[in-house]
Amino acid sequence: MAPPRDTPAFVDTVLGWPGVWFLARLALVGAYLLGAAVKLGDWPAAVAEQAHFGLHPPALWAALTIAVELVGSLLILLDRAVWLGAGMLGVFTVLAAVIANGFWTMSGPDRFMATNAFFEHLGLVGGFVLVALLSSLRRRHPASAARF
């Protein structure tokens with residue numbers, strides 16, 4: 001007798017589709033790619049954003065932000081040095097959460113919204129860890145990862 005399945009067949013089918021691995025990575029980094037594009041399209045606003053958060057010199061921080069968002073995202077999307085791209089975006093995301101969502105200094109509705117945003121950012125960091133783990137497993141065990 002075969003062991004019971006822990007995943008429904010239709011879920012296995014969806015997860016087995018060759019494009020899922022890419023689409024999942026694109027969903028994870030999409031906001032970072034969009035953020036970099038918006039900052040590149042409106043450089044003065046990108047610099048003003050960094051100044052708003054007290055980062056000086058703001059132009060340097062804006063350039064570093066764009067570079068991290070683009071390079072980290074591309075590494076993940078290209079499935080090359082995913083650990084590095086995920087690490088870049090993970091560290092960036094933690095720093096951004098601490099700088100932009102200091103809920104511990106707020107009260108009322110602002111505190112509620114900043115708390116949610118802070119922990120959502122931590123959830124993204126977990127996603128970066130998972131994508132790095134999965135990429136590593138896929139490289140170490142290519143036969144079992146053929147379905148991805």
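The basis for the numbers below is simple: all heavy atoms, side chains too, and nothing from hydrogens, waters or symmetry mates.
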Requested in this report: Taking all non-hydrogen atoms of both residues into account, name the closest pair between L89 and G72 and its distance.
Outcome: CD1-C, 3.7 Å
Report summary line: Only residue of L84, L78, I76, V82 satisfying side-chain contact (heavy atoms from CB on, under 4.5 Å) with R80 is L78
Query raised in the report: Are side-chain heavy atoms of L130 and L28 found at a separation under 4.5 Å?
Result: no
Query raised in the report: For L122, what are the other residues in its hydrophobic cluster, where any two members join if their side-chain heavy atoms are less than 4.5 angstrom apart?
Result: V94, V98, F103, W104, F118, F119, V125
**Report entry** CZ on R138 to CG on L133, rounded to 0.5 Å
**Finding:** 13.5 Å
Report summary line: Nearest heavy-atom contact between M106 and A114 is SD-CB, 3.5 Å
Query raised in the report: Roughly how far, to the nearest 0.5 Å, is the NZ atom of K39 from the OG1 atom of T65?
Result: 6.5 Å
Report task. Indicate yes or no: at least one non-hydrogen side-chain atom of Y32 is less than 4.5 angstrom from one of L124. Result -> yes
Query raised in the report: Does the side chain of L77 reach to within under 4.5 Å of the side chain of L33, using non-hydrogen atoms?
Result: yes
**Report entry** Beyond-backbone contact of L134 with W21, side-chain heavy atoms, under 4.5 angstrom
**Finding:** yes
Query raised in the report: Rounded to the nearest 0.5 Å, how far apart are CG of N116 and NE2 of H121?
Result: 12.0 Å
**Report entry** V47 reachable from L95 in the ILVMFWY side-chain graph, under 4.5 Å edges
**Finding:** no
Query raised in the report: If only atom types and distance count, is the side chain of H52 paired as donor or acceptor with the main-chain N or O of A48 below 3.5 Å?
Result: no
Report task. Grab the two heavy atoms, one from A86 and one from V131, that are nearest each other, plus how far apart they are. Result -> CB-CG1, 4.3 Å
Query raised in the report: Hey, is CZ on F53 packed in by over 12 heavy atoms from elsewhere, all under 6.0 Å?
Result: yes
Query raised in the report: Can you tell if the side chain of L75 reaches within under 4.5 Å of the side chain of M88, non-hydrogen atoms only?
Result: yes
Report task. Examine L55 and L60 and state if one hydrophobic cluster contains both, with Ile, Leu, Val, Met, Phe, Trp and Tyr joined whenever side-chain heavy atoms are less than 4.5 Å apart. Result -> yes
Report task. Check whether F128 and L74 end up in the same hydrophobic cluster, where Ile, Leu, Val, Met, Phe, Trp and Tyr are linked by side-chain heavy atoms less than 4.5 Å apart. Result -> no
Query raised in the report: So if you build clusters from Ile, Leu, Val, Met, Phe, Trp, Tyr with side-chain heavy-atom gaps below 4.5 Å, do F22 and W17 land together?
Result: yes
Requested in this report: Please report the closest heavy-atom contact between E69 and G35, naming both atoms and the distance.
Outcome: OE1-C, 3.5 Å
Query raised in the report: Which value, rounded to the nearest 0.5 Å, describes the distance between W43 atom CH2 and I66 atom CD1?
Result: 5.0 Å
